[in-house]
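Below, each value reflects all heavy atoms present in this structure, side chains not excepted, and no hydrogens, waters or symmetry copies.
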Amino acid sequence: QVQLVESGGGLVQPGGSLTLSCAASGLTFTDYYMSWYRQGPGKLRELVASIDDLGSKTNYAISVKGRFTILRDDAESRVYLQMTSLKPQDTAEYYCHARYTRAIWGNEYWGQGTQVTVSP
């Protein structure tokens, strides 16, 4: 059974830092692209950052580029989102996402989400 479990969310002051973690199990981690999405109050879910199966290419939303970093640890089957210089606009539920990359129409999986709140 595939599971993606996020952790590390919480309350942080503007300008602060926070690191989210996603633990994957039940899959061959190196076969998957990994991403972080977020959904703020009254907003659509948006892609924040992604990293390919080899860990060689990353992509970021313009709003977080230069502040957030996505990393993967294949030995531990984990993906991280390092967040710095946090702004109130970053407040959202953050979700881990895995997409199979060894077939044209591969499976994809979602974590349960973790809340990040940026407030004084």
- Item | salt_bridge(D52, K57) N-O dist < 4.0 Å | no
- Within a strict 4.5 Å, meaning less than it, do heavy atoms of the W36 and F68 side chains meet? no
- Item | Any Y60 side-chain heavy atom under 4.5 Å of I70 side chain | yes
- Between R78 and S21 the two heavy atoms that sit nearest each other are NH1-OG, 3.0 Å
- Shortest non-hydrogen separation from S35 to L47 and the atoms involved: CB-CD1, 3.8 Å
- Query: Quick one: do the S85 and R67 side chains pair a donor with an acceptor below 3.5 Å?
  - Reply: no
- Do the side chains of P14 and P120 get nearer than 4.5 Å, heavy atoms only? yes
- Are side-chain heavy atoms of D53 and T30 found at a separation under 4.5 Å? no
- Can you hop from Y95 to V64 via hydrophobic side chains spaced under 4.5 Å? no
- Message: Evaluate M83 against V12 for side chain to side chain contact (heavy atoms under 4.5 Å, CB included), listing each step before the verdict.
- Response: CA-CA 11 Å; M83 305 183 292; V12 64; over 6 Å; no
- Query: Is it the case that one hydrophobic cluster holds both L54 and L71, taking links as side-chain heavy atoms less than 4.5 Å apart, direct or via other members?
  - Reply: no
- Item | hydrophobic_cluster_shared for Y109 and V79, side chain cutoff 4.5 Å | yes
- In this structure, OG of S63 is separated from CD of Q89 (nearest 0.5 Å) by 9.0 Å
- Give the cluster check for L81 versus F29: same hydrophobic cluster or not, with ILVMFWY residues linked at side-chain heavy-atom distances below 4.5 Å. yes
- Item | From L4 atom CG to S25 atom OG, the distance as rounded to the nearest 0.5 Å | 7.5 Å
- Identify the two heavy atoms, one from T101 and one from Y32, that lie closest to each other, and give their separation to 0.1 Å. CG2-N, 4.2 Å
- Is there a path from Y80 to L86 through hydrophobic residues (I, L, V, M, F, W, Y) whose side chains come within less than 4.5 Å of each other? no
- Query: When you look at S119 and T91, which way does the side chain to side chain contact (heavy atoms under 4.5 Å, CB included) test go after all the steps?
  - Reply: CA-CA 8 Å; S119 179; T91 296; over 6 Å; no
- Query: Residues two or more places apart in sequence or in another chain: which of them pass side chain to side chain donor-acceptor pair (under 3.5 Å) with Q112?
  - Reply: E6
- Message: Donor-acceptor check, side chain of T114 to backbone of Y94, threshold 3.5 angstrom: yes or no?
- Response: no
- Report the C-alpha distance between Q3 and L27 in whole Å, list the side-chain angles of each, state the deciding distance to 0.1 Å, and finish with yes or no for side chain to side chain contact (heavy atoms under 4.5 Å, CB included). CA-CA 8 Å; Q3 284 189 306; L27 51 74; over 6 Å; no
- Query: Can you tell me how far the CZ atom of R38 sits from the CZ atom of R45, to the nearest 0.5 Å?
  - Reply: 13.0 Å
- Task: To the nearest 0.5 angstrom, please state how far the CD atom of E108 sits from the OH atom of Y33.
- Result: 14.0 Å
